[in-house]
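Both backbone and side-chain heavy atoms feed into the values below; hydrogens, waters and symmetry mates do not. Small disclaimer: the values here were computed from a predicted structure and weren't measured.
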Amino acid sequence: QVQLAESGGGLVQSGDSLRLSCAASGLPHTRFAMGWFRRPPGKNREFLIASGWSNDDTRSADSVKGRFTISRDNANRMVYLQMNNLKPEDTAAYYCAAAPWISRYASQYNYWGQGTQVTVVS
């Protein structure tokens with residue numbers, strides 16, 4: 001059974017940094033692409049950033065370029081989202097997801113975590 005579990009969310013102030021973690025278990029192999037998405041309150045889910053099996057293969061949304069980075073520790077089946085210079089508009093539920101290949105599209109992702117809440121106050 002595949003399980004993705006996010007952690008690391010919380011309440012932070014504008015300008016702060018936060019690192020989210022995603023623990024993946026049960027995936028049939030390690031070569032899944034991993035992505036991070038978020039759903040702001042009252043809005044649709046949006047793509048943030050994704051990584052192929054290698055940390056050199058990443059895609060990111062323009063809205064987070066230069067502020068958010070993704071990294072993965074394949075040996076320990078972990079994926080991280082480093083978020084810097086957080087803004088109130090970054091307030092959302094954050095989700096990690098796994099897909100057979102790197103993609104910006106949520107429909108390409110087969111597995112999803114339950115999410116972790118990030119709230120940024122000014």
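V118 and I49 fall within a single hydrophobic cluster, where Ile, Leu, Val, Met, Phe, Trp and Tyr are joined by side-chain heavy atoms under 4.5 Å apart, directly or via other members. In the hydrophobic clustering of this structure, V2 does not group with I102; members are Ile, Leu, Val, Met, Phe, Trp, Tyr whose side-chain heavy atoms approach within less than 4.5 Å, directly or through other members.
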- Query: What's the verdict on side chain to side chain contact (heavy atoms under 4.5 Å, CB included) for V79 and I70, showing C-alpha distance, side-chain angles and the deciding distance?
  - Reply: CA-CA 7 Å; V79 182; I70 186 172; 3.9 Å; yes
- Task: Any chance you could lay out the side chain to side chain contact (heavy atoms under 4.5 Å, CB included) test for Q117 and T91, step after step, and finish with the verdict?
- Result: CA-CA 8 Å; Q117 179 67 33; T91 295; 4.0 Å; yes
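Annotation for Q108 and S103: closest pair CG-OG, 3.1 Å, computed over non-hydrogen atoms. Nearest heavy-atom pair, R39 versus R45, reported as atom, atom and distance to 0.1 Å: NH1-N, 3.6 Å. For the pair S17 and N85, the tightest heavy-atom approach, listed with the atom from each and the gap, is OG-N, 4.1 Å. Minimum interatomic distance between A33 and Y109 (heavy atoms only, all atoms of both residues): O-CE2, 4.4 Å.
Y95 places none of its side-chain heavy atoms less than 4.5 Å from the side chain of L4. When side chains are defined from C-beta on, M83 counts as touching L20, because their heavy atoms get closer than 4.5 Å. At least one side-chain heavy atom of F68 sits less than 4.5 Å from a side-chain heavy atom of L86.
Alongside M78, the hydrophobic cluster contains Y80 (criterion: ILVMFWY side chains under 4.5 Å). Counting Ile, Leu, Val, Met, Phe, Trp and Tyr side chains that sit under 4.5 Å apart, directly or through other members, L11 shares a hydrophobic cluster with V121.
Legend: residues meeting ring pair (Phe, Tyr, Trp, His ring centres under 6.0 Å) with F47, ordered by chain and number and at least two apart, are F37. Contacts of Q114 classified as side chain to side chain donor-acceptor pair (under 3.5 Å), with partners at least two apart in sequence or in another chain: none. Among residues two or more places apart in sequence or in another chain, the side chain to side chain donor-acceptor pair (under 3.5 Å) test is passed with N76 by D73. The side chain to side chain donor-acceptor pair (under 3.5 Å) test applied to Q3 returns no partner, not counting sequence neighbours. Looking at residues two or more places apart in sequence or on another chain, you find a side-chain contact (heavy atoms from CB on, under 4.5 Å) between P40 and R38, K43, E46, A92. Judged as a ring pair (Phe, Tyr, Trp, His ring centres under 6.0 Å), and not counting sequence neighbours, Y94 has no contacts.
Listed by first and then second residue, the disulfide bond (SG atoms under 2.5 Å apart) pairs involving residues 54-89 amount to none (not counting sequence neighbours). The stretch residues 82-122 participates, sequence neighbours left out, in these disulfide bond (SG atoms under 2.5 Å apart) pairs: C22-C96. For residues 59-69, every residue pair satisfying the side chain to side chain donor-acceptor pair (under 3.5 Å) rule, not counting sequence neighbours, is listed here: D62-K65, R67-D90. Applying the disulfide bond (SG atoms under 2.5 Å apart) test to residues at least two apart or on different chains, none of the pairs has a partner in residues 48-86.
From L81, atom CG reaches atom CG of L18 across 8.5 Å, with rounding to the nearest 0.5 Å. Taking CZ of R77 as the start and CZ of F32 as the end, the distance is 10.0 Å to the nearest 0.5 Å. Remark: E89 CD to S122 OG distance equals 10.0 Å, nearest 0.5 Å. With values rounded to the nearest 0.5 angstrom, M34 atom CE is found 11.5 Å from Y111 atom OH.
Checked by atom type and distance alone, the side chain of R72 pairs as donor or acceptor with a backbone atom of S51 at under 3.5 Å.
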